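Bear in mind that the values here come from a model prediction, so they are computed numbers and not experimental data. In what follows, chains carry the letters A, B, and so on, assigned in the order in which the sequence lines appear, proteins first and then strands, with residues in each chain numbered from 1.
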Amino acid sequence: MTAKERVASVFAGEKTDRPACFSGLGNVTTAGLEKLGYKFAEVHLDSRQMAEAAVSTPKLFGFDCAVVPFDLCVEAEAIGCEINTYAHTEDLFYPTIKEKVIHSEDEMDLSMPADVAEKGRVPLVCEAIGLAKEELKGEVPVGSYVLGPFTLAGQIMELNDLLKLSFKKPDKVEALLDKLADVIIAVLKRYEKAGIDYLTVREMGATSDVLSPRIFKKLILPNLKKIFAEITVPSVNHICGKTNPIVGAMVEAGADAISVDQRNEIIKTREELGPDALVFGNYDPFNVLVSGTPELVEQTINKCLDDGVSAVWPGCDIWPTVPPRNFEAMMDAVRNYAR
Amino acid sequence: MATEERKQEILENLKNAVIEYDEDTAREWAQIALDEGLKANDAIFDGLVTGMEEVGRLFEEEEYFVPELLMCADALYAGLDILRPHVEQLDLGVRGSVVIGTVEGDVHDIGKNIVKMMFDVAGFTVYDLGRDVPLDKFVEEQLRTDSDLVCLSAMMTTTMSGMEKVIHDLKEKNPDCIIMIGGAPASQDIADKWGADGYAADASNALKDAIDMVSSLKRLKQEAEAE
Ligand code: B12
């Protein structure tokens, strides 16, 4: 099976030759960047570099996907925020928002650009999607991601304020989230047109480390439903943290699969959701993949599969400094895993 | 002068205003406390702060989450604003000042804000530099304010490495300054390796350790001056 067939089979709920090992979140590696001679700070700003960097992960390690972009600022930038790529440093710094566009509660009725999917780096990411597809010749799927409305709101206004207003002025927050859901839909439609094979929605700002399951169901779920109803490619709903109390709600949001991190107890999730639900996860991309030994990587991957994940998939972005031998150990583990 | 019973009632209302994150009620009862002759110190520590301690417990038990915590802090601040002018000195055994921020390249500031709140509650003077703070800024701010403590937060492994430089530069310029680090990737081992004076896994331990360190530093200073 090619990686593309394998991932398509996973989404279709069909059998695969071996467990799929892929991600819907960033997975560029320093090993890949070094080989290409690219600087991390620059790959966000050039479609060819972005595509090549994304493609280097499946090429080097046989990973079952390539994913663009690598940062969480694309939608916020399209709305009008400026970003910082830390061009002055050789260190590995992820882009961040320099200046938020909503400074106070009164500015929450900000109107969104009409042609938001043509703004900022959205066209650049689309180009990168096209280039990555060309490069991978239909053998490896190309994925992308968008933020969930709450996480996006946290990028364009002060998160502290957003969190408090979720209680104090839920109407205002709901109105903003609704508008942001439309922005997200416009962007993801553009990615679909560019040819992505699957899409992940990342609502990590609404993780259960930060927000209660009650607020999640009230404030976050309705907009996630609205978004997933519009997605036509296979879709994944990603939330990190202690997600066990909300896996039911995550499925209810309407994605084809849910993605959870290492703090989810997959055995319980499986019991709750039944054998057919697609649950992706749930190894720790930092403490296992980057700082663990190859033995720990192998044990962890086997445990994910024993516990019942539908595909081996990281709890968050794969941190670029992953040692190649650990990445190889992960791929070996999925190849050797006997169902 | 309020009766003992009335005093308890006032304190109870201050406490509940914090727990129920009700800023108006906190203000109202803070004023009542002053009007009826309670000591501002008692109203703060036996009312507002007791409420915040309960909030900390509710947070640990996952009854409360981050928004609730932030709102409770606002209620506490609201009461504090009214009571503070009437306090001679917030006597905790120590009065400290702290520079706090999330290091350059890192915008994760939820945890930092919680730690900051603990210091506020305890009566420390807090200089909050925010998030994504250029490394030199920590040193500049410490020198400008002559703070007892510098607290560095990082949530990513790479940005955490910036702490090493800050610790080095600070210790070089001002060996007396106490440095604490925290955030998910930090650990006691890393604090030891880089020469930070403290590490804490959560906000309440951060405060306890900070108070211990500031007190012993002040004691040392006093002893040195006495000699
Ligand atoms: C919310 C979140 C975000 C939000 C941040 C919003 C904000 N304003 O803070 C957003 C969506 C913006 C975000 C962005 C990113 N994130 Co993020 N994020 C998280 C998440 C889910 C929760 C963090 C949190 O707030 N926890 C709750 C608070 C209360 O806990 P805490 O911060 O640990 O604080 C406590 C203690 O640590 C301690 N403490 C904290 N500071 C200090 C300081 C001192 C002195 C002391 C003593 C104690 C102390 O006390 C606090 C209270 O008890 C974590 C995963 C996780 N569960 O940790 C990932 C995580 C931190 N993010 C991660 C990543 C990779 C990213 C991105 C790079 C993703 C991307 N592709 O761009 C970007 C980075 C952008 C940047 N350059 O900074 C990784 C970091 C991996 C690593 N080890 O390096 C994590 C760990 C997820 C993961 N499992 O991989 N993220």
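- In this structure, the separation between OG1 on B/Thr159 and CZ on A/Phe93 is 6.5 Å, given to the nearest 0.5 Å.
- Only the side chain of B/Tyr21 has a heavy atom closer than 4.5 Å to any heavy atom of chain A.
- A donor-acceptor distance shorter than 3.5 angstrom exists from the side chain of B/Thr158 to the backbone of A/Leu92, with no hydrogens or angles considered.
- Contacts of A/Ser166 with chain B are absent, with no heavy-atom separation under 4.5 Å from either backbone or side chain.
- The contact between A/Asn84 and chain B is made entirely by side chain atoms (from C-beta outward), counting heavy-atom distances below 4.5 Å.
- When each of B/Asp106, B/Asp132, B/Leu69 is scored by its heavy-atom pairs under 4.5 Å with chain A, the top score falls to B/Asp132.
- Residues B/Ile110 and A/Val210 meet the side-chain proximity criterion, which asks for heavy atoms closer than 4.5 Å.
- Within a 6.0 Å radius of CD in B/Glu61, other residues, nucleotides and ligands contribute more than 12 heavy atoms.
- Both the backbone and the side chain of B/Glu104 come within contact range of chain A, with heavy atoms under 4.5 Å apart.
- Minimum interatomic distance between B/Pro67 and A/Lys164 (heavy atoms only, all atoms of both residues): O-CG, 4.4 Å.
- Rounded to the nearest 0.5 angstrom, A/Ser212 OG and B/Glu63 CD are separated by 10.0 Å.
- For the pair A/Phe167 and B/Leu70, the minimum side-chain heavy-atom distance is 4.5 Å or more.
- No more than 12 heavy atoms of other residues, nucleotides or ligands sit less than 6.0 Å from atom NE2 of B/His168.
- In this structure the side chain of A/Lys168 reaches within 4.5 angstrom of the side chain of B/Asp74, judged on heavy atoms.
- Side chains of A/Leu211 and B/Val66 form no contact here, defined as non-hydrogen atoms less than 4.5 Å apart.
- For a residue to count as touching a neighbouring chain, one of its non-hydrogen atoms must lie under 4.5 Å from one of that chain's; by this rule A/Glu158 touches chain B with the side chain only.
- Between B/Phe65 and A/Ser208, the closest heavy-atom pair is CE2-O, 3.2 Å.
- Looking at A/Asn160, both its backbone and its side chain come within 4.5 Å of chain B, counting heavy atoms on both sides.
- For the pair B/Met156 and A/Trp319, the minimum side-chain heavy-atom distance is below 4.5 Å.
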